[in-house]
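In what follows, a single structure is set out as structure tokens and then discussed.
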Amino acid sequence: MKGNLKKVGVVIAAFALAITSLTTPATADATTLTFAETQQGGVGIKQVGPPWFNSGSLTQMVLFRGLFKANPNMTTVKPDLASSYKVSKDGKTVTIKMKSGLKWSDGKAITVDDVIWSINSALRVTRINANYSNAFKLIDGASAVTASNKVNMSGLTAKGDEITIKLGAPQPLLIPILAQFMILPKHVLEDEDLLRLDTSKYWLNPVGSGPFKVETLSPDNFITLVQNANYEGPKAKITKINVVASSALLADARSGKLDYFITQDADTIRGMRSVNTFKSFQTSGAPFHRYWVFNLSNADNPLKNVKAREALKYGIDWTNIVKAAYPHGKVINSGVPSGLPFHLKSIPKYKFNVAKAKALLKEANFDSSKTVRLRHYHAGPADLVFMSAVAQQMQELGMKVELTRFVGDATTELYTNKNYDIALKGLSTFDVSEWFSEYSNSNFDKILGTQSKFAELNAELATAVKLKQRAAALRELQELEQETLLKLPTYLLPAYVYVSKRISGTPTKYGPQLYLYENNFLNWVLS
Amino acid sequence: MTEKVPSTARLLVRNFAGNLTGMFGLLVIFLIITSAIFAEEISGYNPNLMDGMSTSLSPSTDHLMGTDQLGRDVFSRVLYGGRNSILIGITASFLGNLIGTVLGAIAGYLGGKIDTVLIRISELFMTFPQLVLVLIFVTIMGQGVNNVIIIFALTGWMTTLRLVRSEFLSLREEAFVEADRAFGFSKKRIIFRHLLPNTMSPIVVAFTINIAIYIIAEAGLSFLGLGVPVTTPTWGNLLSAAQAPVVVEQYWWLWVFPAVAIIAFVTGVNFVGDGLRDVLDPRQRTNAKNKTFAATLREKLFGSRKQTIE
Amino acid sequence: MIAFIIRRVAIMIPMALAISAIIFFASRLSPIDPLNSLISPDAAADATNLAILKERLGFNDPIFVQYFNWLIEIFRGNFGYSIQSGQPISEILALRMPATLELVLAALIISTTLSLLIGLVAGANRGGLTDKFSRVLAAIGISVPDFFIGLALLNIFAYRVSLLPTGQRISPGQVTFIDRLPHLILPVATLSIAMLAVLIRYTRNSVLDTINRDFVKTARSKGLPEWKVMWSHVFRNSLGPVMVLIAFRLPLLVGGAVLVEAVFQWPGIGKTIVEAVTVSDYPVIMVVSLLIAVAILFASFLVDIVKSILDPRVRLGATIE
């Protein structure tokens, strides 16, 4: 008996010894940067993320390039694969000149054919960011391109190293969007099934054009990137990038396991305030909206009356709830948040006022016997805090509230199953027009009904070339938004970039989370 | 004066009172349930009252278990959450047992094809990893207190079915049932009036143990974010705050206290269950030897398999 | 014996088929359109080509046709594709199975060894210190949710003292098994503790049962030294039932430990299931559940065979129980 206990003791001691000997902390390497991938929840790395849907990851920034590169403010661009561009006076013809002598990471030349193939293929894949497809659909002959044919658009041609794009109408956003659109190698991908491009084996070791290339990819575990010898520009000071998944950003950052990451997570942002080995930056540009959408296709929706929706603006203490759940969030009352250009000053501030809310509900003949079905699909801990607090205040207003998370995928739930009255939705808008175009797109038609007035104004906004036209369209759209309250803007959720202090040469301004921009990476130096 | 013969119930109570761990478990359960019922009186706070001035406070004399991000008192939420968790556990266990008992009675009494089919179905359900089964049901039915209860009941009736069935199989051949049949009593009457009361012991034990299992299952499901809606505080929902590593590290009181409540209650229930088994079913050990080995084992296992919800 | 095996197999096949049908139809009952998960509502996305893909993947066929196509493909070894990631499911399994295997096998070995050790000592010295300790451990062990143990360990060893990794399985630069051992420690410890509780209880009772048997008394009366009695009579004879219990745990090797894997972001089968369920990735859910069910059927088949060798009554009794 005693002997046994002793044996157990020896085993435990040996085990403890083994642990300590194995876990000598990895010493920070002076040329290797460790980046925590936080997209897709940061729960695993299966492949390099295809950049045509969501981009903005450091991995995508160093592996791929577009014709242009956006500055962190996202409005101006500088040449990248292209050397220059020219827009005709009527705004309907764009000519782009490519740099010569550029090479893919496999040594083959980057040519105009790659650009033409990429733009055509963007209309053939299943998963595409609507920014690209909407912009490319305006090119002449784009309607002839379908997933099942090989026809190319007639308005996109090349001669030598010059590409000509012909548009049906002026498209002021084309160049900024092309700065986001990563050109992919035709010679590697032309035989791929484009409908399933984002799951191709290509993403395990992509041939790219950026300063880095994949060294090893251990699916679910990590990716290591090394310098691409075929990159024509100056060599980066950093020689290797470890892309890892972290399930505890704060703890890993504090213990020096990470050098760089970007997050929207409220708890991490709160916790990082006490970590003094990191610099933090709030991202600029392309705001991430969170807002409520109402399912008005449900005739029984207790919030059918606009006054009842207005009551929600007054009857919920948005300021304090947002502050408690998301310390970095900002309450908004318009699709054009205050502080941004074109924000309409006449929009009410909606100060928390329960009495007013109750009066509005009365005015709306609110039926408190009906249950308001409140749904959400963002289900981080902070989101749960936010939603349960809101639900409770709605109950205090005398509403019956049933709050659950959408089970399964949000898109079906939102537009097909429609078993809700209010849903919390998010949208990252590259341009404010995206926010308003939702009111009249085919998905929202299914829950709001046809909104022809919004459609008209949206068309005006899309083709507004002059600043004055744009301002006018945005003013009318905001007025209409306040009048109808079909979407209830609630808050903006900015992302934060965290950069270890052992890196120097980093910028002081960072672009939005889901977009690509110049971050001066080649000049970053580790110590 | 003739000596009073103590009734069976009284005997049982006396026996149980002599069972130390059982009594301890009962005391724990009693304390937790009572304080859950008087949640607001005991904690002095409304569990839903948000106080913007005192958010994320660590435990103090004002707030025994601290406050959460919205300034709600954690102690009152733990007590209040207990109400829902225990209710879910009891209801689901009751319903699951009801299904199991009815089907078990039918299978055990009628035997033959019906028995084979029912046993096969129960095996089918058992072969399924319970949590996976629950997850699929959640996808199909959606979230909600009632749905969770129904899902638990639908995925947890098999043990009872087997217990009741095997009791029936052995009771069926006994003299008093033969007599009933000779009297020409209906099957329904024989099953519900005569046989079932004699199988109450294992049912009661299974009912008790299942409460513990469901409370742990609810916690696991809520931790994955697929359980009861967050507006209904349950121990599992409170515990799911620990999904955020930062909460785990810096706001320990948000997840440790609900977990302690779960552990205390479940331990109590398990103690009572064991005690009841000892008191109600002294035959069990000897009985077990008559069954095939694999059968006893499977019973034990599938009971215990769920306990650790893998 | 052969007849018995044939009979068991004959039962197993229709059961496996029935399970496959239940899995298939249950997952299609859900009103959710899995392909839509390709389009995130957070990013303005274009769904023009989704319908074409849907048609090509056979989602528009009648449901029975879909079921039989699915079954035929499974027999051909083609498990289909994950809707969410588009990877072939066989590839996902090949990637994640080793992770689960590693985790569960390690936990099984550790918990079995420890439980045998503690159970034996506890059973042999009934009422002794180890016995009391093991009973308390078992009682508490079954009352503590396993993910709570995991969270507590993470908090102590990974968050507060950064001694061990906060999750995941392999870090860059870790090549050999020894390199990545630190990742394994906490999840294995969590799972082992969770398994230990049940196992100890069982081993202890099994040892107690054996000790009271006649042959042990005979051995003692023959004057054999106590350690020899314990080793060659008690231990060996109480090992059988414990082994059967462990055989029943083997399906975990396939099914993974859902909650433990979730806590440690362990890229195993359990995590695959949770990921699949949260986005309604049916093909994955179906194949994984089918696999687990078949594994469990197989394990119970093995147990029955072993028992029938040891105990002929089982063979004659035909039906179990």
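Note that this is a predicted model, so its numbers are computed, not measured. Because only heavy atoms are used, hydrogens play no part in the values below, and waters and symmetry mates are left out as well, while side chains stay in. Lettering follows sequence order; numbering is per chain, from 1.
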Self-check item: F24(C), CZ atom: more than 12 neighbouring heavy atoms under 6.0 Å
Solution: yes

Quiz item: So which heavy atom on F148(C) is nearest to which on V256(B), and how close?
Solution: CE1-CA, 4.4 Å

Self-check item: Smallest separation among heavy atoms of Y159(C) and P245(B), with atom names
Solution: OH-CB, 3.5 Å

Self-check item: Which portion of L239(B) sits near chain C, non-hydrogen atoms under 4.5 angstrom
Solution: side chain

Self-check item: Residue part contacting chain B, namely of I285(C), when any heavy atom lies under 4.5 Å
Solution: side chain

Quiz prompt | Portion of I263(B) that has a non-hydrogen atom of chain C nearer than 4.5 angstrom | solution = both

Practice problem: Tell me, yes or no, whether the heavy-atom count around F301(C) atom CZ, taken from other residues, nucleotides or ligands under 6.0 Å, exceeds 12. | Solution: yes

Quiz item: Are L154(C) and V248(B) side-chain neighbours, meaning at least one heavy-atom pair lies under 4.5 Å?
Solution: no

Exercise. Give the minimum heavy-atom separation between N155(C) and E249(B), together with the two atoms involved.
Key: OD1-CA, 3.5 Å

Exercise. Give a yes or no on this: more than 12 heavy atoms of other residues, nucleotides or ligands lie within 6.0 Å of atom CG of L20(B).
Key: no

Practice problem: Give the minimum heavy-atom separation between I216(B) and I142(C), together with the two atoms involved. | Solution: CD1-O, 3.7 Å

Quiz item: When you look at CG of L17(C), are more than 12 heavy atoms from neighbouring residues, nucleotides or ligands closer to it than 6.0 Å?
Solution: yes

Quiz prompt | Side chain proximity check, P145(C) to I262(B), heavy atoms < 4.5 angstrom | solution = yes

Quiz item: Distance from D274(B) atom CG to R201(C) atom CZ, nearest 0.5 Å?
Solution: 5.0 Å

Quiz item: What part of F137(B) is in contact with chain C, defined as an atom under 4.5 angstrom from a non-hydrogen atom: side chain, backbone, both or neither?
Solution: neither

Quiz item: Does any heavy atom of chain C fall under 4.5 Å from the side chain of L135(B), the backbone, both, or neither of them?
Solution: both

Quiz item: Between N270(B) and S143(C), what is the shortest heavy-atom contact and its length?
Solution: ND2-OG, 3.4 Å

